[in-house]
Amino acid sequence: MTTDCTTGRHEVHDVYADQCPCRFVLELLANKWAALAIGAMEDGPQRFGALQRRLQGISPKVLTRTLRRLEDHGFVDRTIYPAVPLHVEYGLTDLGRSVAVPLGHVRSWVEDHIDDIRSLQGA
């Protein structure tokens with residue numbers, strides 16, 4: 001499915017086209033840590049430590065990089081509260097909340113079908 005490009009950079013947006021910027025966004029959102037971080041923030045803003053505890057197995061370096069990429073592309077807002085110690089929260093933007101819905105469906109689908117998938121691996 002293609003849609004007209006409103007930026008004027010090319011004629012249509014098509015994720016199957018080699019140079020379409022949609023591919024970068026798809027790559028960003030298809031990353032497991034990005035998809036899980038977005039899901040972890042669905043119920044509201046989270047502090048870094050809370051996100052790291054929720055996303056079991058993620059290193060601080062990878063979480064920092066993931067949050068920065070999501071922030072740089074408009075999916076996450078970082079709010080700094082002047083306090084001692086510094087209080088920082090990460091929350092979804094409107095864009096982030098809109099993509100949380102389809103990512104949530106993918107996460108649910110995986111949880112619902114993991115046993116089927118695993119049983120086929122042994123077949």
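All values below were derived from every heavy atom in this structure, side-chain atoms included, with hydrogens, water molecules and symmetry-related copies excluded.
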Notebook entry, point to check: Do I117 and V110 sit in the same hydrophobic cluster, where Ile, Leu, Val, Met, Phe, Trp and Tyr count as joined when their side-chain heavy atoms come under 4.5 Å apart?
Noted result: yes
Notebook entry, point to check: Do you know which two heavy atoms are closest between R54 and A40, and how far apart they sit?
Noted result: CG-CB, 3.9 Å
Next item on the list: Run through L51, V62, V88 and flag the one making a side chain to side chain contact (heavy atoms under 4.5 Å, CB included) with L67.
Entry: L51
Next item on the list: State, to 0.1 Å, how close E89 and P45 come at their nearest heavy-atom pair, and which atoms those are.
Entry: OE1-CB, 3.6 Å
Item checked: 4.5 Å side-chain heavy-atom contact, N31 and E27 -> no
Check: According to the ring pair (Phe, Tyr, Trp, His ring centres under 6.0 Å) rule, which pairs have a member within residues 21-49, sequence neighbours left out?
Finding: F24-H73
Notebook entry, point to check: Applying the 4.5 Å side-chain criterion to the ILVMFWY set and letting contacts propagate, would V76 and I80 be lumped into a single cluster?
Noted result: yes
Check: So, for L95 and S98, which heavy atoms are closest and what is the spacing to 0.1 Å?
Finding: O-OG, 2.7 Å
Check: Can you list the steps and then say if Y90 with L70 is a side chain to side chain contact (heavy atoms under 4.5 Å, CB included)?
Finding: CA-CA 10 Å; Y90 298 88; L70 291 170; over 6 Å; no
Next item on the list: Any salt bridge (charged side-chain N to carboxylate O under 4.0 Å, His left out) involving residues 69-78? Give me the pairs, sequence neighbours left out, ordered by first then second residue.
Entry: none
Note to self: Quick test of your reading: applying salt bridge (charged side-chain N to carboxylate O under 4.0 Å, His left out), list the pairs with at least one residue in residues 97-108, sequence neighbours left out, ordered by first then second residue.
What the structure shows: E42-R107, D94-R97
Notebook entry, point to check: Which heavy atom of L92 sits nearest a heavy atom of I38, and at what distance?
Noted result: CD1-O, 3.7 Å
Checklist line | Distance in Å, R65 CZ paired with K61 NZ, rounded so as to fall on 0.5 Å steps | finding: 6.5 Å
Margin query: Just verifying a value: how many Å separate R47 CZ and Y81 OH, rounded to the nearest 0.5 Å?
Written below: 10.0 Å
Check: Closest heavy-atom contact between L29 and A35?
Finding: O-CB, 3.9 Å
Next item on the list: Output the distance between atom CG (D112) and atom NE2 (H105), rounded to the nearest 0.5 Å.
Entry: 12.0 Å
Note to self: Rounded to the nearest 0.5 Å, what separates atom CG in L63 from atom CZ in R68?
What the structure shows: 10.5 Å
